[in-house]
Amino acid sequence: EVGLADRYGHVDSPLGRLVVAWNGLGVVSVDVAGDDGAFEARHLASTGRRAIPSDVPSRLANAIARRMDGDRRVRIALDLRGHSTFEQDVWRKALEIPRGEVRPYGWVAAEIGRPKAVRAVGTALGHNPVPLIVPCHRVVRSDGSIGQYSLGGPHNKRTILTAEGLDPDALEDAARRGERLVGCASTRIVCWPTCRTGRHMLERNRRPFRSLAEAGAAGYRPCKVCRPVTAAA
């Protein structure tokens, strides 16, 4: 209860059953379900603490379910001891991305004041110990491709994004065409392609752009909700 050992149990998710470990300080890890003995060994190696099987408290299970449903207001304490300040900054920023939307690594880097640290952002997301609670699946590569995922690889990432109402294939097709941003001809506002403010945009008003500079040259201003940044960042 004081964080010297951890408990773990199972919860359901769009990926099936997952293992959640926690202690009195907060949730420590989220992992794919499998052999409990193998999980305990991995947990001991990564944290230095034993993991003891238990039932997930109903309050915690409900909070995790609400977070997976997109409720960013629900509070879930996290025990992130042993992780760097930079990593924690990246993970906190990922928490701000709404369900059913994605942002590129460069957006995270720019938002935390480290615009040149795009590669380091990708590494930090790959080391996220609490995926789904911290939705690193909502961050994609700067070239628009879906990218890797710490909770079982890119296939699982695509599964979660699909469950949230996105079409990963369509996102990657647009990225291959160089469509990094989308502007609305009626409002003259440019957004990330999945920004909720553009969901009701009429197709005839849709204008794709390769960069914020290109959009600006055409007379479009950045969305204040999704806050797009230049592809160079």
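FYI, the numbering just counts along the sequence from 1.
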Participant: Tell me the ring-ring contact (aromatic ring centres under 6.0 Å, His included) pairs involving residues 36-63, sequence neighbours left out?
Facilitator: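 For residues 36-63: Tyr8-Phe39, Phe39-His43.
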Participant: To the nearest 0.5 Å, what is the distance between CZ on Arg42 and OG on Ser29?
Facilitator: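 If we round to the nearest 0.5 Å, Arg42:CZ and Ser29:OG are 9.0 Å apart.
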Participant: Taking all heavy atoms of Glu164 and all of Arg99, pick out the closest pair and write down the distance.
Facilitator: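 Heavy-atom minimum between the residues: CD-CG, 3.5 Å.
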Participant: Are Tyr220 and Trp192 connected in a single hydrophobic cluster, I mean Ile/Leu/Val/Met/Phe/Trp/Tyr linked by side-chain heavy atoms less than 4.5 Å apart?
Facilitator: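 Yes.
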Participant: Transitively linked via ILVMFWY side-chain contacts under 4.5 Å: Val139 with Val102?
Facilitator: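 No, Val139 and Val102 fall in different hydrophobic clusters.
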Participant: Can you tell me if CG on Asp55 sees more than 12 non-hydrogen neighbours from other groups inside 6.0 Å?
Facilitator: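 No, the 6.0 Å shell around CG holds no more than 12 heavy atoms from other groups.
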Participant: Quick one: does any side-chain atom of Arg138 pair with a main-chain N or O of Ile97 as donor and acceptor, under 3.5 Å?
Facilitator: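 Flag set: sc Arg138 to bb Ile97 pair under 3.5 Å.
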Participant: Could you check if a side-chain atom of Leu18 sits within less than 4.5 angstrom of a side-chain atom of His10, using non-hydrogen atoms only?
Facilitator: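 Heavy-atom side-chain distance check fails, nothing below 4.5 Å.
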Participant: Identify the two heavy atoms, one from Leu151 and one from Asn156, that lie closest to each other, and give their separation to 0.1 Å.
Facilitator: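 Heavy atoms of Leu151 and Asn156 come nearest at O-ND2, 2.9 Å.
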Participant: Any side-chain heavy-atom pair from Pro222 and Leu212 closer than 4.5 angstrom?
Facilitator: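 In short, these two side chains touch, coming nearer than 4.5 Å.
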Participant: With the threshold set at 4.0 Å, does a side-chain nitrogen-carboxylate oxygen contact exist between Arg103 and Glu111?
Facilitator: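 Result for this pair is no, no salt bridge flagged.
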Participant: Mind checking the CD1-NE2 spacing from Ile160 to His137? Nearest 0.5 Å is all I need.
Facilitator: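 Spacing of CD1 (Ile160) from NE2 (His137) equals 5.5 Å.
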Participant: Would Ile189 and Arg221 count as a side chain to side chain contact (heavy atoms under 4.5 Å, CB included) here? Give the steps.
Facilitator: CA-CA 5 Å; Ile189 293 175; Arg221 63 187 187 278; 3.8 Å; yes
Participant: Find the distance between CZ (Arg66) and CD1 (Ile64) and round it off to the nearest 0.5 Å.
Facilitator: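 Between atom CZ of Arg66 and atom CD1 of Ile64 there are 12.0 Å.
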Participant: With rounding to the nearest 0.5 angstrom, report the CG to CG distance, Leu78 to Leu95.
Facilitator: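 Atom-to-atom, Leu78:CG and Leu95:CG are 7.5 Å apart.
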Participant: Short question: side chain of Arg207, backbone of Arg204 - any donor-acceptor pair under 3.5 Å?
Facilitator: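 Pair found, side chain donor or acceptor close to backbone of Arg204.
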Participant: Looking at every non-hydrogen atom in both residues, tell me the closest pair between Arg188 and Ala185 and how far apart they are.
Facilitator: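 Smallest heavy-atom distance, with atoms named: CD-O, 3.3 Å.
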Participant: Between SG of Cys136 and NE2 of His127, what distance do you get to the nearest 0.5 Å?
Facilitator: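 With rounding to 0.5 Å, SG (Cys136) is 11.5 Å from NE2 (His127).
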Participant: So, for Val118 and Gly106, which heavy atoms are closest and what is the spacing to 0.1 Å?
Facilitator: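 Heavy atoms only, the tightest pair is CG2-CA, 4.0 Å.
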Participant: Just wondering, are more than 12 heavy atoms of other shown residues or ligands nearer than 6.0 Å to CZ in Arg81?
Facilitator: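 Yes, enclosed.
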Participant: Set out, in order, the CA-CA distance, both residues' side-chain angles and the distance that settles side chain to side chain contact (heavy atoms under 4.5 Å, CB included) for Val28 and Arg49, then state yes or no.
Facilitator: CA-CA 11 Å; Val28 178; Arg49 299 186 302 276; 3.5 Å; yes
Participant: Could you point out which residue of Arg141, Arg158, Arg177, Lys157 forms a salt bridge (Lys or Arg N to Asp or Glu O under 4.0 Å) with Glu172?
Facilitator: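 When salt bridge (Lys or Arg N to Asp or Glu O under 4.0 Å) is applied between Glu172 and each of Arg141, Arg158, Arg177, Lys157, only Arg158 qualifies.
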Participant: Do the non-hydrogen side-chain atoms of Leu171 and Val140 ever get within less than 4.5 Å of each other?
Facilitator: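 Sidechains of Val140 and Leu171: no contact.
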Participant: Taking Arg176 first and then Asp173, would you say they form a salt bridge - that is, a charged N and a carboxylate O separated by under 4.0 Å?
Facilitator: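 Here Arg176 pairs with Asp173 in a salt bridge, since their nearest N and O are under 4.0 Å apart.
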Participant: If you look at every heavy atom in Asn128 and Ser150, which pair is closest and at what distance?
Facilitator: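 Heavy atoms of Asn128 and Ser150 come nearest at O-OG, 3.7 Å.
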Participant: Can you tell me how far CG of Asp6 sits from CG of Leu44, rounded to the nearest 0.5 angstrom?
Facilitator: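 Going from CG on Leu44 over to CG on Asp6, the span is 10.0 Å.
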Participant: With side chain to side chain contact (heavy atoms under 4.5 Å, CB included) as the test, would you mind laying out the steps for Phe209 and Arg180 before giving the verdict?
Facilitator: CA-CA 6 Å; Phe209 293 103; Arg180 299 290 185 267; over 6 Å; no
Participant: Check this for me, if you would: do Arg227 and Glu96 make a salt bridge, where the nitrogen-to-carboxylate-oxygen distance has to be below 4.0 angstrom?
Facilitator: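 Glu96 and Arg227: salt-bridged.
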Participant: Any chain of hydrophobic side-chain contacts (each under 4.5 Å) joining Leu161 to Met68?
Facilitator: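 No, separate clusters.
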Participant: Please say whether more than 12 non-hydrogen atoms of neighbouring residues, nucleotides or ligands are located less than 6.0 Å from CZ in Arg92.
Facilitator: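 Enclosed: over 12 neighbouring heavy atoms sit under 6.0 Å from CZ of Arg92.
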Participant: Give me the atom names and distance for the closest heavy-atom approach of Ala124 to Phe86.
Facilitator: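 Smallest heavy-atom distance, with atoms named: CB-CE2, 4.2 Å.
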Participant: Quick one: list whatever passes side chain to side chain donor-acceptor pair (under 3.5 Å) with Arg67, sequence neighbours left out.
Facilitator: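 Partners of Arg67 under the side chain to side chain donor-acceptor pair (under 3.5 Å) test: none.
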Participant: Same cluster or not: Leu15 versus Leu125, using hydrophobic residues (I, L, V, M, F, W, Y) connected whenever any side-chain heavy atoms lie under 4.5 Å apart?
Facilitator: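 Yes, one cluster joins them.
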Participant: Would you say the side chain of Glu40 lies within less than 4.5 Å of the side chain of Pro53, judging by non-hydrogen atoms?
Facilitator: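 With C-beta onward as the side chain, the pair touches.
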Participant: Cluster question for you: counting only ILVMFWY and a side-chain heavy-atom cut-off of under 4.5 Å, with indirect links fine, are Val20 and Val130 together?
Facilitator: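 In one cluster: yes.
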Participant: Among Cys223, Cys226, Cys184, which one satisfies side chain to side chain contact (heavy atoms under 4.5 Å, CB included) with Thr197?
Facilitator: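 With Thr197 as partner, Cys223, Cys226, Cys184 yield a single side chain to side chain contact (heavy atoms under 4.5 Å, CB included), made by Cys223.
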